[in-house]
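Notes follow once the structure below has been shown.
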Amino acid sequence: VTALAPLGQQMAPYACQRRTPLLHSNQPLTEALETLAEEAGFSGSEGRSLAFTRAASVLKALPGRLSALEELGPLPGIGEHSRRVIQDVLEDGVSVEVERVKLSERYRTMKLFTKIFGVGVRTASRWYQEGLRTLLDLQERNTKLTRQQQAGLRHYDDLNTPVERGEAESVGRTVQEAVQRFLPGASVTLAGGFRRGKPRGHDVDLLLTHPEAGREAGLLSRLVSWLDSQGLILYQHSQENSFALCEGPEPPGSRDVLDRFERCFSIFRLEAQGGPGAARGWKAVRVDLVVAPVSQFPFALLGWTGSRHFERELRRFASHERKMVLNSHALYDTMRKRFLPAASEEEIFQHLGLEYVPPGQRNA
Ligand code: DGT
Ligand code: MG
């Protein structure tokens, strides 16, 4: 019998050094690991969550279906606990641990609550501790909700029905047409999972820019008011640009570095195109509108295309391997103490000394 080369033999350690297609051959394994990652996140164990996410991400990049643990070889990034889970699923088809998590009251409740727009792990956890278990509980016990959470609850079913690609494109066209009224020449780009080739997603991420620097200023508020006046917006809150290049980017690992663009979190009222909303005539869809000045556009595009794990790995690679700070606004070289401008995503990969990974291969 010829010994097969381990499937994971050539696996590079950072997800941004690998190609990760949308479809892969190890779905049952990655689902199990991602459930544990999610559960660890619900318990506030970020490190443990990341370990499971990393292991899942490695499996997504394998060239074929794993049939025995040994085929992995001495892969970096898959810890002992993850190996145990993989082995269980390979041998028994399921992991008892994962099944137990999925049935646990805490996991199910946390999942129910965090699926409300505007509810994070902290809030969901507090509600769970207070004994709340259902969406009805929230209403009956007059739980204090933010305006965002109220909207999230009101449109709960729609917002937890996947957005189809056709719907995302339709939202994109609507925004594009509206933008042309106020700023001809401005562009609207569909980012997020759809740019990576996903056929459906949880929201629509749209990036707006204009080829002439500065022309994009003020666009967002005019755009949103107009969309609102047309009855297309069910909810929105906007945030002003708070990023100044002269401050320098934040140190790596600091939270929310992508959140400093002029940005609008919204819920659109989308005319139904079949599916669950068809009878009613419309469907609520989560839409994020982000405005980037043209000089930052490639960084914004790279940062908003995802996946979240791919982004995290890019930033980790930049800082640990290159002593650079990457965020959705800029790339900063801490050794040479200067920003490295880029006119395209390709140039950012070049600055980092990474082989270019096209969007469809960033599904880490
Ligand atoms: P999905 O669930 O189908 O919408 O999948 P994605 O990949 O489109 O995920 P999404 O929409 O949450 O985010 C897309 C990318 O944009 C993600 O890689 C990170 C970035 N991003 C989106 N929102 C935020 C945010 O609030 N903070 C930060 N730091 N990054 C964000
Ligand atoms: Mg998205």
Side-chain angles (χ1 to χ4, degrees), residues 15-16 20-23 30 34 37-38 41 46 50 53 56-57 60 111 114-122 148 152 158-169 171-172 175 188-208 236-239 241-243 249-268 270 284-292 296-318 325-330 345 348 357 359-364:
C16 56
T20 313
L22 185 60
L23 300 172
T30 56
E34 284 177 337
E38 190 178 31
E46 290 310 322
L50 192 54
T53 301
S57 173
K60 290 178 189 176
K111 213 160 160 75
T114 52
K115 276 160 59 181
I116 304 172
F117 174 46
V119 176
V121 167
R122 277 242 216 110
Q148 184 181 16
D158 275 5
L159 299 188
N160 287 293
T161 304
V163 183
E164 301 294 326
R165 170 174 292 276
E167 295 174 328
E169 283 167 354
V171 171
V175 172
V188 177
T189 307
L190 184 56
F194 289 111
R195 185 157 180 263
R196 303 196 307 276
K198 282 176 67 174
R200 51 189 67 86
H202 99 281
D203 68 355
V204 183
D205 306 294
L206 294 174
L207 229 58
L208 281 53
Q236 67 92 9
H237 77 266
S238 294
Q239 169 181 290
N241 184 358
S242 61
F243 183 82
E250 301 182 7
S254 63
R255 281 189 66 245
D256 286 334
V257 284
L258 302 185
D259 292 353
R260 295 161 133 248
F261 283 115
E262 206 182 336
R263 172 174 177 187
C264 175
F265 305 80
S266 71
I267 301 176
F268 269 48
L270 181 68
V285 173
R286 273 275 299 119
V287 180
D288 272 353
L289 302 169
V290 181
V291 179
Q296 297 176 19
F297 183 75
F299 298 97
L301 185 60
L302 180 60
W304 280 83
T305 296
S307 69
R308 274 175 193 278
H309 188 61
F310 189 88
E311 302 298 331
R312 188 162 40 213
E313 289 280 280
L314 263 178
R315 294 195 296 269
R316 190 169 70 95
F317 178 87
V325 183
L326 174 69
N327 61 31
S328 292
H329 299 272
E345 286 183 319
I348 304 173
V357 181
Q361 301 292 333
R362 297 182 200 160
N363 291 290

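When a ligand or atom number is given, it counts from 1 through the structure's own listing order.
In terms of heavy atoms, Ala168 sits closest to Val163 at N-CG1, 4.0 Å. Taking every heavy atom of both residues into account, Leu326 and Ala318 meet most closely at CB-CB, 4.1 Å. Residues Glu34 and Ala56 share a closest heavy-atom pair of CG-CB, 3.8 Å. Annotation for Ala284 and Asp158: closest pair N-OD2, 2.7 Å, computed over non-hydrogen atoms. Of all heavy-atom pairs spanning Gln361 and Pro21, the tightest one is OE1-N, 3.5 Å. Residues Cys16 and Phe310 approach most closely at CA-CE1, 3.5 Å, considering heavy atoms.
With a heavy-atom cut-off of 4.0 Å, Ser307 touches ligand 1 through its backbone alone. If you look at Asp205 next to ligand 1, the close heavy atoms, those under 4.0 Å, all belong to the side chain.
Residue Gly192 has no N or O atom closer than 3.5 Å to an N or O atom of ligand 1. Polar contact with ligand 1: absent for Thr305 (N/O pair, distance under 3.5 Å). Between Glu311 and ligand 1, no pair of N/O atoms sits closer than 3.5 Å. Between Arg200 and ligand 1, not a single N/O pair is under 3.5 Å apart. On a distance-only criterion, Asp288 and ligand 1 share no N/O pair closer than 3.5 Å.
Residue Gly306 has at least one heavy-atom neighbour below 4.0 Å for each of these atoms of ligand 1: 18 (O). The ligand atoms of ligand 1 that sit less than 4.0 angstrom from a heavy atom of His202 are 1 (P), 2 (O), 3 (O), 4 (O), 11 (O), 12 (O). Counting the atoms of ligand 1 from 1 in the order shown, those under 4.0 Å from a heavy atom of Arg196 are 7 (O). For ligand 1 and Asp203, the ligand atoms under 4.0 Å from any heavy atom of the residue are 4 (O), 11 (O). Those atoms of ligand 1 with a heavy atom of Gly201 less than 4.0 angstrom away are 3 (O). Less than 4.0 angstrom separates some heavy atom of Gly193 from each of these atoms of ligand 1: 6 (P), 7 (O), 8 (O).
Relative to atom 31 (C) of ligand 1, the option among Arg312, Arg308, His309 with the closest non-hydrogen atom is Arg308. Counting only non-hydrogen atoms, the option in Phe310, Trp304, Phe194 that gets closest to atom 16 (O) of ligand 1 is Trp304.
The shortest distance between side-chain heavy atoms of Phe265 and Gln236 does not fall below 4.5 Å. No side-chain heavy atom of Val285 sits under 4.5 Å from any side-chain heavy atom of Ile267. For the pair Glu311/Arg308, no side-chain contact is recorded, criterion being any heavy-atom separation below 4.5 Å from C-beta on. Residues Ser266 and Val287 have side chains in contact (heavy-atom distance under 4.5 Å, counting atoms from C-beta outward).
At a cut-off of 2.8 Å, measuring from the Mg ion (ligand 2), the protein N, O or S atoms that fall short of it are Asp203 OD1, Asp205 OD2, waters left aside.
Listed by chain and residue number, Arg195 satisfy the side chain to side chain donor-acceptor pair (under 3.5 Å) test with Thr305 (two or more places apart in sequence, or in another chain). For Asp288, the side chain to side chain donor-acceptor pair (under 3.5 Å) partners at least two apart in sequence or on another chain are Arg263, Arg286.
Contact annotation: Pro162 has no heavy atom less than 4.0 Å from any atom of ligand 1.
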Please report, to 0.1 Å, the donor-acceptor pairs under 3.5 Å made by any side chain of residues 197-204, with sequence neighbours excluded.
| from | atom 1 | to | atom 2 | distance (Å) |
| --- | --- | --- | --- | --- |
| Arg200 | NE | Glu164 | OE1 | 3.3 |
| Arg200 | NE | Glu164 | OE2 | 3.3 |
| Arg200 | NH2 | Glu164 | OE1 | 3.4 |

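Separation of the His329 and Phe299 ring centroids does not fall under the 6.0 Å cut-off.
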